[in-house]
There are 2 protein chains.
Amino acid sequence: MPNPFVQKLGRYASLSDEDTRLLESACRDTRRTAARRDLIREGDPPGPVFVMLEGWACRYKLMREGGRQVLALLMPGDFCDMHVAVLDEMDHSIGTLTPALYTEIPRERMETLIASSPALTRAFWIAQLVDEGVLRAWIVSMGRRDSTERLAHLMCELYIRARNVGLCIDGHCEMPLTQIVIADALGLTPVHVNRVLRKLKVAGAMELGRGTLHIRDVESLARIAGFDDNYLHRRLKLAA
Amino acid sequence: MPNPFVQKLGRYASLSDEDTRLLESACRDTRRTAARRDLIREGDPPGPVFVMLEGWACRYKLMREGGRQVLALLMPGDFCDMHVAVLDEMDHSIGTLTPALYTEIPRERMETLIASSPALTRAFWIAQLVDEGVLRAWIVSMGRRDSTERLAHLMCELYIRARNVGLCIDGHCEMPLTQIVIADALGLTPVHVNRVLRKLKVAGAMELGRGTLHIRDVESLARIAGFDDNYLHRRLKLAA
DNA sequence: CGCGTTTTTGAAGCCCCTCAAGTGTAGTGG
DNA sequence: CCACTACACTTGAGGGGCTTCAAAAACGCG
């Protein structure tokens with residue numbers, strides 16, 4: 001079974017066999033957790049780098065009044081908090097959405113990896129930059145897109161990212177998100193997310209149910225989303 | 001006149017005289033521009049690192065239908081796009097809001113700086129992380145705060161940042177933002193921003209006019225904003 | 001002074017929320 | 001195999017926050 005972490009980084013820089021071996025060896029010590037478990041909480045001192053190998057997680061922040069905002073969705077291959085160690089404490093939490101398999105890479109190990117290979121360094125940097133691009137795209141969505149465009153945009157993003165790590169088989173892919181999580185991510189209510197999903201389904205653009213996303217019409221979905229070809233290294237059209 | 005770039009980085013790591021000298025020398029070659037000029041545009045190949053020395057600028061992205069979303073506000077001392085060079089092209093633009101004085105540090109020069117001093121490296125990293133924290137906070141604002149909380153939160157953020165580079169004198173500071181720019185940043189309309197500003201003024205929390213922000217009641221403003229003490233390294237209470 | 005931009009104010013409407021109730025759908029234990 | 005439970009999903013009705021449209025007043029810069 002291919003390591004999605006290696007797969008993802010391999011898209012950003014051409015890795016030597018030695019690089020691949022280093023990465024895989026860094027992922028050897030894995031852990032399993034149930035769904036809805038926090039890997040790290042707001043206020044905790046920053047820990048190691050987390051690498052998702054199976055299952056999904058999210059960064060989130062709880063509001064005082066009880067709501068929550070999801071700041072990023074993490075799928076297999078994603079890692080996070082590479083250099084957060086210089087800060088005193090976490091300003092948000094990370095929790096699993098599904099049962100998950102992940103690795104914790106200690107900070108020193110991470111530094112060794114980076115020091116040992118320019119290609120790995122480059123791959124980590126690019127991954128970091130892409131993540132920042134995703135953050136900015138979320139802000140654009142929240143600020144200037146209505147609920148339908150917003151949901152369509154998120155699904156385009158997740159579809160591409162999932163495909164990049166081999167989680168999709170033509171038109172459909174595993175996407176274990178509840179409408180509640182989607183609402184938390186988009187700044188909407190679950191009730192409204194439900195209605196928008198119905199609308200997109202009736203429009204023949206996409207369908208989401210039972211943990212699976214079915215793209216019915218990529219072109220249409222991308223048009224609704226106002227999806228930017230430049231985003232995520234223009235990968236939407238490939239192998240649709 | 002103190003260099004705000006040096007001032008800001010000095011808050012993140014203790015810089016030696018040599019570090020300071022290196023930074024100042026990297027800022028020697030300055031440029032002036034008028035307001036509303038783009039430093040770099042979406043689609044351009046990534047350029048050098050920009051360092052703001054005087055005046056304000058913003059990252060922004062234009063929507064197809066004509067609207068725009070401001071992604072970050074840049075004030076003296078801020079720099080950006082440190083390691084964006086690995087990407088093919090910019091996914092957003094950066095433009096001045098006021099007449100500005102800035103430096104372009106070539107990428108090689110930047111690498112030399114980082115290689116020459118661990119303290120500088122650390123300072124750059126922390127600055128980068130704080131910026132990411134700001135991005136995440138914006139998402140939280142857009143997703144889970146109403147217009148009043150959102151505006152109050154932005155003003156708290158900008159007030160602290162401005163104070164950190166010496167732009168504030170007890171209760172008030174220079175803040176050359178039009179209501180239009182604020183609306184573009186918060187995902188609101190200028191009309192509504194105007195009404196919210198009035199509300200905050202009537203409430204005795206703050207006042208914004210003629211390019212100046214007057215904080216009338218920090219406690220009250222922070223309470224309205226739901227401002228997180230953890231945010232920006234808990235600096236709100238200092239020297240209020 | 002004159003002109004463009006920003007700010008201000010009002011009225012009407014829509015998008016999304018809130019509240020509420022009912023219908024699946026897994027997972028658990030008897 | 002069927003209660004029982006806990007969520008997630010679905011659907012409806014009503015309300016509020018913010019937008020849209022419009023126009024006037026104030027500001028700032030040549």
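In this text, all values refer to a predicted model and were calculated from it rather than measured experimentally. Here is how names work: the chains are called A, B, and so on, in the same order as the sequence lines, proteins then strands, and each is numbered from 1.
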Self-check item: Under-4.0 Å side-chain N/O to phosphate OP1/OP2 contact, B/Arg198 with C/dT9
Solution: yes
Self-check item: Gap between atoms CZ and P, on B/Arg150 and D/dG17 respectively (whole Å)
Solution: 14 Å
Exercise. Let me know which of A/Lys199, A/Arg216, A/Arg198 forms a salt bridge (charged side-chain N to carboxylate O under 4.0 Å, His left out) with A/Glu207.
Key: A/Arg216
Quiz item: Are any of A/Ser147's side-chain N or O atoms less than 4.0 Å away from OP1 or OP2 of C/dC16?
Solution: yes
Exercise. For D/dT19, take OP1 and OP2 only and decide whether either is under 4.0 Å from a side-chain N or O of B/Thr189.
Key: yes
Self-check item: Whole angstrom value for the distance that separates C1' of C/dT9 from NZ of B/Lys199
Solution: 17 Å
Quiz item: Expressed in angstrom and rounded to an integer, what is the separation of B/His192 atom NE2 from C/dT9 atom C1'?
Solution: 14 Å
Self-check item: Ring centre gap for A/His153 and A/Phe227 strictly below 6.0 Å
Solution: yes
Quiz item: Would you say the side chains of A/Tyr102 and A/Asp78 form a donor-acceptor pair under 3.5 Å?
Solution: no
Practice problem: Take the protein atom CZ of A/Arg145 and the nucleotide atom C1' of D/dT19, then report the distance between them rounded to whole Å. | Solution: 19 Å
Quiz item: Is the shortest side-chain N/O distance from B/Arg210 to OP1 or OP2 of D/dG28 below 4.0 Å?
Solution: yes
Exercise. Select base, sugar-phosphate, or nothing to describe what B/Arg36 touches, counting heavy atoms under 4.0 Å on all strands.
Key: sugar-phosphate
Quiz item: Taking for each residue the nucleotide of DNA chain D with the nearest heavy atom, is it A/Ile180 or B/Asp146 whose nucleotide lies nearer the 5' end?
Solution: A/Ile180
Quiz item: Below 4.0 angstrom from OP1 or OP2 of D/dC9, is there any side-chain N or O of A/Asn194?
Solution: no
Practice problem: Calculate the interatomic distance between A/Arg195 atom CZ and C/dC17 atom P; express it in whole Å. | Solution: 10 Å
Quiz item: Checking all strands, does B/Gly187 fall into the base, sugar-phosphate, or nothing category for heavy-atom contacts under 4.0 angstrom?
Solution: sugar-phosphate
Exercise. Return the value, rounded to whole Å, for the distance between atom CG of A/Leu151 and atom P of D/dC9.
Key: 13 Å
Quiz item: Does the side chain of A/Ile105 reach to within under 4.5 Å of the side chain of A/Pro48, using non-hydrogen atoms?
Solution: no
Quiz prompt | Length of the CG-C1' vector between A/Leu186 and C/dC15, whole Å | solution = 15 Å
Practice problem: Answer yes or no: is there a side-chain heavy-atom contact under 4.5 Å between A/Glu54 and A/Arg32? | Solution: yes
Practice problem: Would you kindly give the CG-to-C1' distance between A/Leu208 and D/dA8, to the nearest whole Å? | Solution: 12 Å
Quiz item: At under 4.0 Å, does any side-chain N or O of B/Gln179 touch on OP1 or OP2 of C/dT5?
Solution: no
